[in-house]
Amino acid sequence: MIIPRVPVQHRRLLPDRRLSGPTPWVIAILMMLTLLAAAAGVGLARSANAIGDAIAGRVTVQIVTANPVTRAEQAAALRRAAAAQPFVRSARSVEREELQATLGQWFGSADGDDPVLKSLPLPALVDVDFVGEDRGRHMEALRALVAREAPGARIIPHAEWLGPVARLIRSLAWIAGAMVLLMAAASAAVVIMTARAALGTHYATIEMLHMIGATDRQITRLFQRRIAIDTAYGIALGSTVAAAILLLIGWQWSGVTAGLAATASLGSAGWALLLALPLLAIALAALTARQTLLAALKKIL
């Protein structure tokens, strides 16, 4: 006798409770951490790129001649000569007041009016930005120019002292990306355990469905829908909490206008990635649940 196949009524076979088990809450926590790690990785990567672009072709010439008048004259002559070179985008003399204000932050005088600071023999600094990518040849030409206009001056490439900082920030960005992948794997593991637990809990129901002619694919769709709904609730909850945290951090970050922290931002591409991650997580959860259920059902019979 041929037993006819009957449609599976999933609402009658499985409870329709929302957020009733641990799966949605675990997924919510993992989704929140994933989005925060992704945001940190994007912000750090953009900061490292911004620092790398800023320091790639910039050097500072430090003039330490003892005579302050000679020091100022050499700095002015070097600035004019450097600005006239075709390989120089810009040349700027760093004012003494700017140096005093920078040092004042370390000495506890924000405005640089400390008499001790005013009495310090500060060097004359000239910032030079190169044009193009042939920086080795530009550096040789600048050394010849400095030897002629300001003998004894020291050339300090910004990459020497900010390069390690940029590399550290980029390494942290890679670590954040690795954390995103690890939490995605953890989320998939949670879905796999949930699918297997659901099959174990409803083993008698599955046997009955097989007896009345339900196929593995029909049963898979029944449990896959339930798992996908629970996962989607958890992803939505975690994404909401992560969005609130990121908006709060962004509001506080908006007051940072200087220093390395000001270069960290998500940008339009970063926000697009964060918006796509929850959708990708739902698709991954559905696919993982389907493959797990099909593989488990083949072993039952």
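Quick note: residue numbers are just sequence positions, from 1.
The shortest heavy-atom contact between G41 and A173 is O-CB, 3.6 Å.
Applying the 6.0 Å contact sphere to CZ of R154 captures no more than 12 heavy atoms from other residues, nucleotides or ligands.
For residues 166-177, the set of pairs meeting the side chain to side chain donor-acceptor pair (under 3.5 Å) definition, not counting sequence neighbours, comprises N49-R170. Listed by first and then second residue, the side chain to side chain donor-acceptor pair (under 3.5 Å) pairs that reach into residues 67-79 are T65-Q74, sequence neighbours excluded.
Partners of T288 according to the side chain to side chain contact (heavy atoms under 4.5 Å, CB included) rule, which considers only residues two or more places apart in sequence or in another chain, are A188, V191, I192, L284, T292. Residues satisfying the side-chain hydrogen bond (donor to acceptor under 3.5 Å, both in side chains) test with R290, not counting sequence neighbours, are none. Legend: residues meeting salt bridge (Lys or Arg N to Asp or Glu O under 4.0 Å) with R143, ordered by chain and number and at least two apart, are E140.
Defined by atom type and a distance below 3.5 Å, a donor-acceptor pair is missing between the side-chain atoms of T23 and D230.
Residue R92 forms a side-chain hydrogen bond (donor to acceptor under 3.5 Å, both in side chains) with just one option from D129, T60, D127, and that option is D127.
Looking only at side-chain heavy atoms (C-beta outward), M139 and I155 come within less than 4.5 Å of each other.
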For a side chain to side chain contact (heavy atoms under 4.5 Å, CB included) check, start with the C-alpha distance between V42 and W271, then their side-chain angles and the critical distance, and finish with the verdict. CA-CA 9 Å; V42 171; W271 283 110; over 6 Å; no

List the steps, then state whether side chain to side chain contact (heavy atoms under 4.5 Å, CB included) holds for V131 with V88. CA-CA 6 Å; V131 174; V88 173; 5.8 Å; no

Kindly list each side-chain donor-acceptor pair under 3.5 angstrom involving residues 235-246, sequence neighbours excluded, with atom names and distances?
residue	atom	partner	partner atom	Å
S239	OG	I235	O	2.7
T240	OG1	A236	O	2.7

